[in-house]
Novice: 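Please read through the structure below; I'll follow up with questions.
Throughout, a chain's letter reflects where its sequence line sits, starting with A, and its residues are numbered from 1. Everything numeric in this text was worked out from a predicted model, so none of it was measured.
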2 protein chains.
Amino acid sequence: MDVSAKPKLDDVARVAGVSTATVSRCLNEPAKVTSKTRERVLSAVEALGYTPNFGGRALASRKTHTVGAVIPTMENAIFARGLQAFQEALAEAGVNLLVASSGYDAEREAAQIRALVGRGADGILLIGTARPEKTRAFLKRFATPCVIAWSIGGPGDVYVGFDNVAAARAIAERVIAFGHRRIAMISGITAMNDRAAGRIAGVRAALSEAGLSPEGLVVEEVRYAFDEAGVALHRLMAAPEPPTAIICGNDVLGVGAIVAARRRGLTVPCDLSITGFDDIDIAALVEPGLTTVHVPHRRMGLAAAKALLDLIEGQPQDRHVSIETSIIERGSLGPAPRSSSIGR
Amino acid sequence: MDVSAKPKLDDVARVAGVSTATVSRCLNEPAKVTSKTRERVLSAVEALGYTPNFGGRALASRKTHTVGAVIPTMENAIFARGLQAFQEALAEAGVNLLVASSGYDAEREAAQIRALVGRGADGILLIGTARPEKTRAFLKRFATPCVIAWSIGGPGDVYVGFDNVAAARAIAERVIAFGHRRIAMISGITAMNDRAAGRIAGVRAALSEAGLSPEGLVVEEVRYAFDEAGVALHRLMAAPEPPTAIICGNDVLGVGAIVAARRRGLTVPCDLSITGFDDIDIAALVEPGLTTVHVPHRRMGLAAAKALLDLIEGQPQDRHVSIETSIIERGSLGPAPRSSSIGR
DNA sequence: TTGTACGCGTTATCAT
DNA sequence: ATGATAACGCGTACAA
């Protein structure tokens, strides 16, 4: 009925009455085998419940059919969503996904990358471009196929991402167009995070272009957490000349800011305008809806999978894929209050 | 400067002037080696930038230091959060995580399980207990260490979960205690989902205990998506005797229902009470806050990792870990409207 | 088209 | 404590 030991290629060969080589061919290059013997072999495989041993296969073929991804955290919905799509696309191609997380920490990212490469990942997905030279050198040294997502990488990188600077600039321009002059920002931690840094740069660029002082932009730098946004908002609003609009580095901060504003008795957007970045589900559920930058995270995940698989196969491809973003207006951004546009 | 080929155990042995066996021991059982030679070996490892080959190691040791997890989808925050904690705990132990998703589909789950076992996962994490006998047999056949989470499993299972029936019953009792008699439910799809089915059963049990008809419970079964909750709510409220309280199968549905109710001009909880299940972030952010069942997803993920690692090591352990849940009252559940408690 | 035989890089079992 | 050497399971030139 049931065998105690795991069947090996050898067992299948014996049952099918062929050599191990033929069995191997049947599984890997079915075309190189007669349909008749193939049938015999496959039924033997079925009968024994044979599963190829991973170690043996990896050792002989020097391929693991496994790729790794190191993301900041799955608890951020944007990465969860992108990774989900990434995994689905890989599964489609019979490739497994190893996930690791850095917690936005460069050291941990480096450690996880080493672990994944050591574990034999055929390729790797990384988020953003900001990382120590040491980590970069490690990847280069082992020539690990690597795709960068969520950012525009350098000319030498293969990436599937969007221009954080341009997108942030676009939404800042919208804020300015609404008449806001006292603008503040609640940003994620910028250390080793080019997305967060780029979004600040984009806002500064918009200010500058509008003839406003980019240095005057007050930036509260906090962890990506709802509560942190509240703390930051209170600090900002306690200033002698509080902002009339707050541009948030992502939707978690944006929604946190809206809730905090409400609890502070402020009406959004009448008293205070707030914008986000990412367009995750909750952005559409808060009251008022969060005006934000829409990023197609799923599409990016799918494209990243395709890019990485192509890269591993050595196929020619687009090394640089830019994903378009757009602004979604939902109501949390409105005209600047009249009293303050008069200001002093 | 840099070598073109990847250094192997052999290279390290040559440089250190020892045998491959010693190098292997240095890396795996450092205690069985003199500190003097160990030092020599380790510096050789460092100098060459040696990384053990995964295939070779897996083949010889019959261990991959890799575990797999098959979850419905990472896009559901509860799984993203639990999986994040799970992964962190594994990384701590030097174990890598392979993730796969089923999309709540039994066939896909089976396929992913096969893939992960074939890929050499030392153990596997699964969500819930409801799955075809065939899948169960497959796991038994290969004696794959397996932990079930998010549910109470059978006596033969190793699980780290909570009692979905009891938790749903508890919140239904609360709803009934608020005077509600016309109670409806918006549930997830129950096919091959014991959590969703269990939650309905729990609500029915509470109704029955309160002397209400459990068969009278109207259940709208929908996918776990915000929009689906809205559609379901509209159907429920269009009935001749609409419910005064809607118990939702999870927070995604609960929040979706609150938003849909608001758009329908209903005030929660004055006109309609709504409850959720899970206690994800948005439950605290909507207006009014969603009264829900708090589930410590991170703690469950950590405990699941510990259980699985112990199981793989063959260590004695608790095969059944029950996680406590609690009810969080936030405001979306209130007294039944007076007019309807009088009824028709 | 199919079979033979060797090599992939490591661990583990013996001796020493 | 260390070294020689045999597995480990599969892929693949090469031969038939």
Novice: Pairs in or reaching into residues 60-86 of chain A: which pass ring-ring contact (aromatic ring centres under 6.0 Å, His included), with residues at least two apart or in two chains?
Specialist: Phe79(A)-Trp150(A)
Novice: Would you tell me whether Asp10(B) and Thr20(B) have side-chain atoms, one donor and one acceptor, within less than 3.5 Å of each other?
Specialist: no
Novice: Quick one: list whatever passes side-chain hydrogen bond (donor to acceptor under 3.5 Å, both in side chains) with Arg25(A), sequence neighbours left out.
Specialist: none
Novice: Asp11(A) CG to dC8(D) C1': how many Å, rounded?
Specialist: 14 Å
Novice: Return the set of residues passing side-chain hydrogen bond (donor to acceptor under 3.5 Å, both in side chains) with Asp318(B) (not counting sequence neighbours), or none when no residue passes.
Specialist: none
Novice: Identify the residue among Leu126(A), Val158(A), Val67(A), Val321(A) that makes a side chain to side chain contact (heavy atoms under 4.5 Å, CB included) with Val147(A).
Specialist: Val158(A)
Novice: Which pairs count as salt bridge (Lys or Arg N to Asp or Glu O under 4.0 Å) when at least one residue sits in residues 39-57 of chain B, sequence neighbours excluded?
Specialist: none
Novice: Quickly work out the Asp10(A) CG to dG11(D) P distance and round it to whole Å.
Specialist: 13 Å
Novice: Rounded off to whole Å, could you give me the NZ-to-P distance for the Lys6(A) and dC8(D) pair?
Specialist: 15 Å
Novice: Can you give me the bend angle of the helix from dT1(C)-dA16(D) to dT16(C)-dA1(D)? Use the axis through the first five pairs and the one through the last five, nearest 10 degrees.
Specialist: 30°
Novice: Specify the residues of residues 50-61 of chain A, ordered by number, for which at least one heavy atom lies under 4.0 angstrom from an atom of DNA chain C.
Specialist: Leu59(A), Ala60(A)
Novice: Tell me: CZ of Arg14(B) to C1' of dA4(D), nearest whole Å?
Specialist: 16 Å
Novice: Find the distance Arg119(A):CZ to dT10(C):P and express it as a whole number of Å.
Specialist: 13 Å
Novice: Rounding to a whole Å, what distance do you find between Arg40(B):CZ and dG3(D):C1'?
Specialist: 13 Å
Novice: Checking all strands, does Leu9(B) fall into the base, sugar-phosphate, or nothing category for heavy-atom contacts under 4.0 angstrom?
Specialist: base
Novice: Mind checking what makes salt bridge (charged side-chain N to carboxylate O under 4.0 Å, His left out) contact with Asp157(A), not counting sequence neighbours?
Specialist: none
Novice: Looking at residues at least two apart in the chain, or sitting in another chain, which of them share a side chain to side chain contact (heavy atoms under 4.5 Å, CB included) with Arg38(A)?
Specialist: Cys26(A), Pro30(A), Val33(A), Ser35(A), Leu42(A)
Novice: With Arg119(A), which residues qualify under salt bridge (charged side-chain N to carboxylate O under 4.0 Å, His left out), at least two apart?
Specialist: none
Novice: Run the side chain to side chain contact (heavy atoms under 4.5 Å, CB included) test against Lys306(B) and tell me which residues pass, sequence neighbours left out.
Specialist: Asp310(B)
Novice: What residues from residues 21-39 of chain A pass a heavy-atom cutoff of under 4.0 Å to DNA chain C?
Specialist: Ala21(A), Thr22(A), Arg25(A), Val33(A), Thr34(A), Thr37(A)
Novice: Taking only residues two or more places apart in sequence or in another chain, which ones pass ring-ring contact (aromatic ring centres under 6.0 Å, His included) with Tyr50(A)?
Specialist: none
